[in-house]
Number of protein chains: 2
Amino acid sequence: MGITIKDVAKHAGVSIATVSRIVNGQTGYGEKTKQLVLKSIEDLGYSPNAIARGLVGRETRTIGVLLPKLSGLFASKLLQGMETAARQENYSLFVCHTDSKEERVIQDIQVLKEKQVDGMIYASDQLSEAQGQLLEDMASPVVFVSTQSLTHPFPYVKVDDYNAAYDGTSYLIKMGHEDIAFIGGDLDDLIAGKTRNDGFRKAMCDHELRVNEKLVYYGDFRFPSGKEGFRQLLASKEVFTAVFATSDEMAVGVLSEAYEQGLSVPDDFCVLGYDNTMAAEMAVPPLTTVSQPIDEMGKRAVSLLLSIRENTKTPVRNIDMEHEVVERKSVVIRENTKGVFSR
Amino acid sequence: MGITIKDVAKHAGVSIATVSRIVNGQTGYGEKTKQLVLKSIEDLGYSPNAIARGLVGRETRTIGVLLPKLSGLFASKLLQGMETAARQENYSLFVCHTDSKEERVIQDIQVLKEKQVDGMIYASDQLSEAQGQLLEDMASPVVFVSTQSLTHPFPYVKVDDYNAAYDGTSYLIKMGHEDIAFIGGDLDDLIAGKTRNDGFRKAMCDHELRVNEKLVYYGDFRFPSGKEGFRQLLASKEVFTAVFATSDEMAVGVLSEAYEQGLSVPDDFCVLGYDNTMAAEMAVPPLTTVSQPIDEMGKRAVSLLLSIRENTKTPVRNIDMEHEVVERKSVVIRENTKGVFSR
DNA sequence: TCCTTTAACGTAAACGTTTACTCATTTGAA
DNA sequence: TTCAAATGAGTAAACGTTTACGTTAAAGGA
C-alpha cells in the first residue's frame with residue numbers, strides 16, 4: 001500500500017537506518033543527508049508505520065479506557081479529560097463501553113491486551129475477582145478513575161465519596177434542613193453507593209438528626225431512578241424539606257417528577273445533586289450540587305498512568321481530588337421552602 | 001515480555017505455523033495436535049499479539065473516530081452507537097476530540113493514518129480543503145456521520161436537516177403558531193446551520209407566514225448560546241408564541257433563561273428542540289423536539305464503513321436517516337399559551 | 001607521519017505474526 | 001498392488017521498523 005522507509009531510503013540514496021535516525025531525531029548523520037532525506041520524505045509523502053514501530057519498540061503510544069457507558073454527561077466529560085491529557089503526550093485512546101457486563105469487561109481487557117496498549121484506565125464498575133486477576137497479569141500499568149478496587153491494589157484517582165456526601169449533607173443542614181430525604185446508589189455498590197450513604201448518615205448523626213428510613217431510596221444513579229425515587233418519597237407521605245440525590249441525573253429526575261406532580265423547587269422543597277455535570281447547570285432550576293472535578297480527574301488519571309509507566313519502581317500513589325458544593329438555585333434556607341406534606 | 005507463538009510451538013513440540021493455523025481456526029492439522037496446542041496455549045496463557053498481526057496482515061481491526069467534542073449528549077450517544085456496532089464486528093475505536101480546531105484535525109488524521117486504522121469516521125465540523133485532501137489520500141475508507149462534505153465525495157449518514165427543520169416548523173404551525181422565533185446555528189455552517197434555517201424559512205413561506213428577522217438568532221448549538229439567544233429575543237420586544245431552537249442544548253438554554261426571567265413554558269410560550277438527546281427527556285418541562293436516531297446513526301456509520309471496506313467496488317452510498325417530531329410537554333396549541341409581549 | 005578518535009553512515013538481526021511453498025505420510029480408487 | 005490425491009505438518013520469507021554492531025574516512029594529536 002503505502003510508502004515505506006525503504007522507498008525513502010532508495011529515493012534518497014541512503015540506508016534505511018539513516019532514514020530511521022533522521023525521522024526519530026537521533027544523531028549520526030550529516031546535515032546534507034538530513035536535508036536530502038527530508039526532501040525525499042516530503043516528495044514521497046512518507047509517514048511512518050506505527051504498527052511496525054510498535055512491534056519492535058516497546059510501546060504503542062496507546063492506552064485503553066473502560067467505561068460502563070459512553071453516553072451520559074459524566075462519562076463523556078471524563079473521557080474528554082483523558083483524551084486531552086493523552087493527546088498532549090502523543091497517546092491515543094481505545095475506548096470500550098462495557099455496559100457493566102462482566103463478560104464484556106473480560107473480553108475488552110483481553111482485546112486491549114492483544115492490542116498491546118501501554119496502559120489501561122478503568123472507570124467501570126466494581127471489578128470481579130476474575131477481572132482483577134486479568135488486570136494484575138497485564139504487563140502494563142492500570143489506574144482506576146472515579147472508582148477503586150477494594151480487593152486489588154490499583155492506584156486510583158477519585159474524590160472521597162464519604163466526605164463529599166458528608167459535606168453535602170452538612171450543607172443542607174447548615175441551611176436549616178432537618179427532614180432530609182436521600183436518593184442514592186445501591187448499597188451493594190461499595191464505592192459510590194455505600195460510601196455516599198454512609199457519609200449522609202454520619203452527617204445526620206453528627207448533627208443529631210434522625211434519618212427517616214422511609215425517606216431513603218436506592219436507585220442506580222440514572223435519571224429514571226431519580227423520578228422513581230421521588231415518587232416513592234411522595235408515596236411515603238412523610239414530611240421532608242430537602243432531598244439529597246447522589247447524582248445530578250437522579251437529582252434532575254426528581255426535578256422532573258416534581259414538575260409533573262405540580263411541586264416547585266425550591267419553593268416546595270430543595271434538592272441537592274452530586275457530580276456537577278452539565279446537567280446541573282442546565283437544570284431548571286439550576287442545581288446546587290456536590291462538585292467533582294470530572295475533567296481534571298480524567299487528566300490526572302492519564303498523567304498518573306504515564307508517570308507509573310516511566311517510573312515503575314515508585315510505590316502506588318493514589319490521587320484524592322477535591323470536592324466542593326457549588327451553590328445554584330435548587331437549595332435555599334429552610335425558612336424559604338414550604339416542605340412537602342408539612343402544614 | 002509476554003508469551004509468544006514460539007513459546008507455544010516449542011512447548012507443544014510443533015511449528016509456529018501449526019500454532020498459527022490452529023489459533024486462526026484454519027485447516028491443516030489433526031485433532032490430536034490441536035488439543036495438544038490448545039493445552040499449551042492454556043498452560044502458558046498465550047494470547048496473540050495484535051500488533052504483529054497487523055503488521056503482516058492487512059488489517060488492524062481498528063477504526064478512528066473524529067469528534068469535535070466528547071462531552072455533551074449528542075457526541076457521546078453517537079460514540080456509544082459506534083462502539084456498540086464496532087465491538088460486534090471485533091473492531092476497536094480510537095477516539096479523538098478535535099475541539100473544532102483545524103490543525104488538531106490534521107494532526108489527528110495523521111496519527112490515525114500512522115496507526116494504520118482500517119477506516120475513519122468523521123463527525124467533526126465542516127472540513128477544510130487540506131483536511132479533505134488528507135482524507136482522500138488515505139488508503140482506508142472514510143465515512144461522515146451527522147455531517148457531510150460538500151466538496152469531497154465521502155459517503156455520509158445523517159438526517160436531512162432541511163426537511164427535518166421544515167417538518168419541525170410545520171409542526172409548530174400546525175399547532176396554531178404564527179409568531180415563531182428561531183434560534184439556530186451559524187449560517188456559515190452549511191451543514192447544520194444554513195440548512196435548518198432554510199428549512200424553517202421554507203416552511204414559514206409555504207404557510208404564508210412572515211419570518212420576523214428580529215426573532216431569529218444564530219448561536220453555536222450550545223447551552224449558553226440558547227440562553228443568550230432567548231435574551232436577545234426578549235430584548236427585541238417582538239411578540240412570539242413559540243421558539244424553535246435547532247438543538248436540544250439551546251432549547252434547554254431558553255428554558256433556563258425563561259425560568260430566570262419568570263416566564264413559564266408552555267404557559268407563556270412554547271419551545272421546540274432538535275436532536276432528542278437525553279436533555280430533551282430530562283428537561284423541565286420535557287422537550288418536544290425533532291428527533292434524530294443518534295444511536296442508530298452511530299451504528300450505521302460503522303456498518304457502512306465496514307461494508308465499504310469489504311466491497312470497495314460499490315459506488316458511494318449515503319444513508320439518510322429518518323427524523324420525527326416527538327411530542328412531550330414544551331409545545332401546546334396556540335390557544336393554550338399566552339405568548340410573549342402579546343396582550 | 002602514524003595512530004587514535006570520532007563522525008557518518010551501512011548491515012543485518014530482531015520484533016511476533018501469517019502464509020506461500022515444500023515434503024512426507026495416508027488414504028482411496030482403479 | 002500401484003499411483004494420484006488428500007492430509008498434516010514444517011520452512012522460510014515476508015510485513016516496516018529500530019538498533020546493536022561494523023565499517024569507512026576524515027580529523028586530530030603526538
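Each chain gets a letter, A, B and so on, in the order the sequences are listed, and its residues count up from 1.
The residue Ile16(A) sits close to a base: some heavy atom pair falls under 4.0 Å. At a threshold of 4.0 angstrom between heavy atoms, the contacts of Thr4(A) are confined to the sugar-phosphate backbone, with no base atom among them. Note on Thr18(A): only backbone sugar-phosphate atoms sit closer than 4.0 angstrom, heavy atoms only; bases stay farther off.
Protein atom CG of Leu44(B) is 14 Å distant from nucleotide atom P of dG16(C), rounded to whole Å. One interatomic measurement links the two molecules: CD1 of Ile22(B) to C1' of dT18(C), which rounds to 14 Å at whole-angstrom precision. The separation between Ile41(B) atom CD1 and dG16(C) atom C1' is 14 Å, rounded to whole Å. The CD1 atom of Ile51(A) sits 11 Å away from the C1' atom of dC15(D) (whole-angstrom rounding). Whole-Å rounding puts the Asp7(A) CG to dG16(D) P distance at 9 Å. Rounded to an integer number of Å, the gap from Glu114(B) CD to dG16(D) P is 15 Å. Whole-Å rounding puts the Lys10(A) NZ to dG16(D) P distance at 12 Å. Following rounding to the nearest Å, Lys6(B) (NZ) and dA13(C) (C1') show an atom-to-atom distance of 11 Å.
Comparing atom distances between the Asn49(B) side chain and each of dG10(D), dA12(C), dG16(C) picks out dG16(C) as nearest. Among dC15(C), dA9(D), dT19(C), the nucleotide with an atom closest to any side-chain atom of Leu55(A) is dC15(C). Side-chain proximity of Ala17(B) to the nucleotides dT17(D), dA12(D), dT17(C) is greatest for dA12(D).
If you check the side chains of Asp118(B) and Ser140(B), you find no donor sitting under 3.5 Å from an acceptor.
Within 6.0 Å of the CD atom in Glu322(B), the count of heavy atoms belonging to other residues, nucleotides or ligands does not exceed 12. The 12-atom threshold is exceeded at CD of Gln26(A), counting heavy atoms of other residues, nucleotides or ligands nearer than 6.0 Å. By the 6.0 Å contact criterion, CD on Gln110(B) is enclosed, its count of non-hydrogen atoms from other residues, nucleotides or ligands being greater than 12. The number of heavy-atom neighbours closer than 6.0 Å to NZ of Lys69(B), taken from other residues, nucleotides and ligands shown, is above 12.
Comparing Ala52(B) and Arg53(A) by the nucleotide of DNA chain D whose heavy atom lies nearest to each, the residue mapping closer to the 5' end is Ala52(B).
In this structure, CD in Glu103(B) is found 11.5 Å from OG in Ser128(B), a value given to the nearest 0.5 Å.
Side-chain N/O atoms of Ser15(A) include one lying less than 4.0 angstrom from OP1 or OP2 on dG10(C). Side-chain nitrogen and oxygen atoms of Ser20(B) include at least one within less than 4.0 Å of the OP1 or OP2 phosphate oxygen of dT18(C).
Of the residues in residues 24-34 of chain B, Asn24(B), Gln26(B) come within less than 4.0 Å of DNA chain C through at least one heavy atom, sorted by number.
For the pair Lys115(A) and Phe94(A), the cation-pi test (distance below 6.0 Å, angle within 45°) is passed.
Within 3.5 Å, a donor on the side chain of Arg21(B) pairs with an acceptor on the base of dG10(D), or the reverse.
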Item to complete: Just do the side-chain hydrogen bond (donor to acceptor under 3.5 Å, both in side chains) check on Asp125(B) and Ser100(B) with the steps written out, would you?
Response: CA-CA 6 Å; Asp125(B) 325 82; Ser100(B) 304; 3.1 Å; yes

